[in-house]
Amino acid sequence: MYLADRSAPAPEGAKTAPDRGPVRAPAVASTVLALGAVSMITDISSEMVTAVLPLYLIAGLGLSPLGFGALDGVYNGVSALVQLTGGHLADRVRNHKLIAGIGYGLSALCKPLLLFAHSLGPISVILTLERTGKGLRTAPRDALISLSTPPELQGRAFGVHRAMDTTGALLGPLAAFLILSLTVDGYDAVFGVSACVAVLGVVVLMLFVPSGVDPVPTPSAASAKATAATARDADRPAPVRLRDALGLLRLPRLRNLAICAVLLGLTTVSDAFVYLLLQRRTGIGDQWFPLMPLGTAAVFLLLAVPAGALADRIGRRTVFLTGHALLLAGYALLLWAPAWPALPFLVLALHGMFYAATDGVLPAAVAATVPGELRATGMALVGTGQALARFGCSLAFGAAWTLWGTGPALAAAAAGLLCCAAVAGFVLRPSAPQDTR
């Protein structure tokens with residue numbers, strides 16, 4: 001695992017036995033578990049809203065698929081743009097918890113406002129602010145995870161966090177379904193309970209997540225520092241400058257990962273559209289719609305940790321590309337499979353396997369290419385590119401659905417995914433360095 005000498009501090013969680021040197025740190029750091037708990041609680045809150053939002057906007061407010069595609073794109077695009085700000089601020093002030101806390105707090109404040117918004121304009125503003133909070137917190141949170149974990153266990157650590165996060169994604173739609181079944185003003189009740197749960201997540205962050213994490217050294221840190229042109233002093237590190245952050249794009253491995261994330265994001269149809277397509281394809285009733293994300297979340301929960309560990313062992317490139325092949329198989333089932341009773345389960349299973357193989361594996365690969373003092377910024381660069389690409393996909397898919405119908409729109413997305421996956425396989429070919437396999 002790790003060989004430590006007296007000149008280097010032991011990683012977080014390592015214990016020193018008398019006359020025996022450092023003992024190996026636990027496979028999953030306490031920081032990862034604490035952040036996983038925060039994400040789980042927050043995701044319960046967020047997914048309660050997300051589970052009912054497509055139906056609420058389209059069936060309740062009469063929004064067209066094109067309008068929903070534009071709103072869904074803005075919903076994710078705002079988060080993408082703010083990621084850069086959140087990542088750079090976290091590295092600059094050297095307090096990842098502070099920036100993440102501001103993001104979680106802003107999202108929590110937006111939830112009760114949904115109780116008073118019953119038209120598209122106010123809802124759009126509130127969702128934009130909520131996504132701003134998500135954008136601020138994502139990169140600092142992932143940086144805290146990677147900085148507290150040895151390089152060879154990054155995939156496992158992100159898998160554990162994503163599994164806990166997905167537990168919230170599993171419980172959120174279930175809670176929304178129960179609330180809609182038991183109350184008269186179902187949507188308002190969902191929004192109110194969601195607000196209370198979001199506040200609990202912020203409290204857990206403040207009480208149990210440490211304010212600072214010492215970076216775990218990575219083998220490529222020295223070369224990455226030189227390429228990023230960062231100046232360091234032995235006693236007092238120099239502040240992170242914007243020029244240092246932009247210098248990260250000169251790292252070939254990080255640039256390749258960003259290119260692949262953008263290409264594949266351009267053909268990744270949003271979850272909401274997948275569920276709407278599945279409902280129309282199979283005739284599932286509106287009352288069951290909030291339960292659809294449960295299928296994705298359940299498979300994601302079961303496979304997130306094994307997929308992360310497998311990526312650490314056989315290479316993150318292989319697992320990441322396999323995940324997109326599984327998504328392509330899901331598109332094919334929606335397009336051409338007969339209306340079997342098992343079709344919804346198969347599509348949702350493939351959807352969950354896609355997330356298990358990609359959602360934690362990509363940040364683990366990014367963490368291996370970026371020095372600790374710029375970790376949040378590097379993750380924000382790749383995350384922003386991916387999210388902006390998905391923003392474009394939402395707009396394009398919504399327009400194609402409105403103009404041509406669901407079949408041609410999904411066929412175009414499937415063809416694009418096949419082409420982009422081939423390009424990504426070439427860019428991340430096995431001859432690349434080990435961490436971007």
Side-chain angles (χ1 to χ4, degrees), residues 49-83 119-128 130-132 134-135 259-284 286 289 292-293 296 324 327-337 347 350-351 354-355 383-424:
V49 175
T50 302
V52 302
L53 197 60
L55 200 61
Y56 177 60
L57 292 176
I58 292 178
L61 299 183
L63 196 63
S64 68
L66 176 58
F68 179 74
L71 181 60
D72 187 65
V74 171
Y75 190 63
N76 291 292
V78 169
S79 174
L81 293 174
V82 178
Q83 274 194 56
S119 61
L120 183 59
I123 288 176
S124 300
V125 173
I126 293 169
L127 293 180
T128 299
E130 199 277 336
R131 288 293 95 177
T132 299
K134 180 177 175 60
I259 290 171
C260 292
V262 169
L263 285 175
L264 294 168
L266 285 171
T267 54
T268 302
V269 177
S270 74
D271 296 357
F273 274 130
V274 169
Y275 301 141
L276 287 169
L277 286 168
L278 188 56
Q279 183 196 33
R280 297 196 175 197
R281 182 77 166 76
T282 60
I284 294 174
D286 289 352
F289 187 87
M292 284 192 186
T296 298
H324 286 86
L327 180 63
L328 183 61
Y331 289 174
L333 286 178
L334 283 172
L335 279 169
W336 298 299
V347 172
L350 289 169
H351 201 224
F354 157 69
Y355 276 114
T384 295
Q386 184 183 56
L388 286 176
R390 290 183 177 180
F391 164 76
C393 183
S394 289
L395 291 177
F397 190 84
W401 182 342
T402 302
L403 296 174
W404 305 326
T406 58
L410 188 58
L417 178 57
L418 182 61
C419 295
C420 291
V423 174

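- Residues that satisfy the side chain to side chain donor-acceptor pair (under 3.5 Å) test with Thr384, not counting sequence neighbours, are absent from this structure.
- Summarising the geometry of Thr282 relative to Leu278, their closest heavy-atom pair is OG1-O, 2.7 Å, with the distance given to 0.1 Å.
- A pairwise comparison of heavy atoms in His324 and Leu417 identifies O-CD2, 3.8 Å as the closest pair.
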* Could you walk me through whether Val82 and Arg131 pass the side chain to side chain contact (heavy atoms under 4.5 Å, CB included) test, one step at a time? => CA-CA 9 Å; Val82 178; Arg131 288 293 95 177; over 6 Å; no
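- In this structure, CG in Leu276 is found 11.0 Å from OG1 in Thr406, a value given to the nearest 0.5 Å.
- Using a 4.5 Å heavy-atom cutoff, the side chains of Val274 and Thr296 are not in contact.
- The two residues Ser394 and Ser270 come nearest to each other via the heavy atoms OG-CB, 3.9 Å.
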* To do: Assess whether side chain to side chain contact (heavy atoms under 4.5 Å, CB included) is satisfied between Phe273 and Leu410, documenting all intermediate values.
  => CA-CA 10 Å; Phe273 274 130; Leu410 188 58; over 6 Å; no
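- Classification of the Phe397-Trp401 ring pair by plane angle, with boundaries at 30° and 60°, yields perpendicular.
- To the nearest 0.5 Å, the span separating CG on Leu263 from OG1 on Thr268 amounts to 10.5 Å.
- Across every non-hydrogen atom of Ala409 and Ala400, the tightest pair is CB-CB, 3.6 Å.
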If you look only at distance, which donor and acceptor atoms sit under 3.5 Å apart when one is on a side chain in residues 327-336 and the other is two or more places apart or in another chain?
from   : atom 1 : to     : atom 2 : distance (Å)
Tyr331 : OH     : Thr267 : O      : 3.2
Tyr331 : OH     : Val269 : N      : 2.8

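- When all heavy atoms of Val262 and Gln386 are compared, the pair lying nearest together is CG2-N, 4.3 Å.
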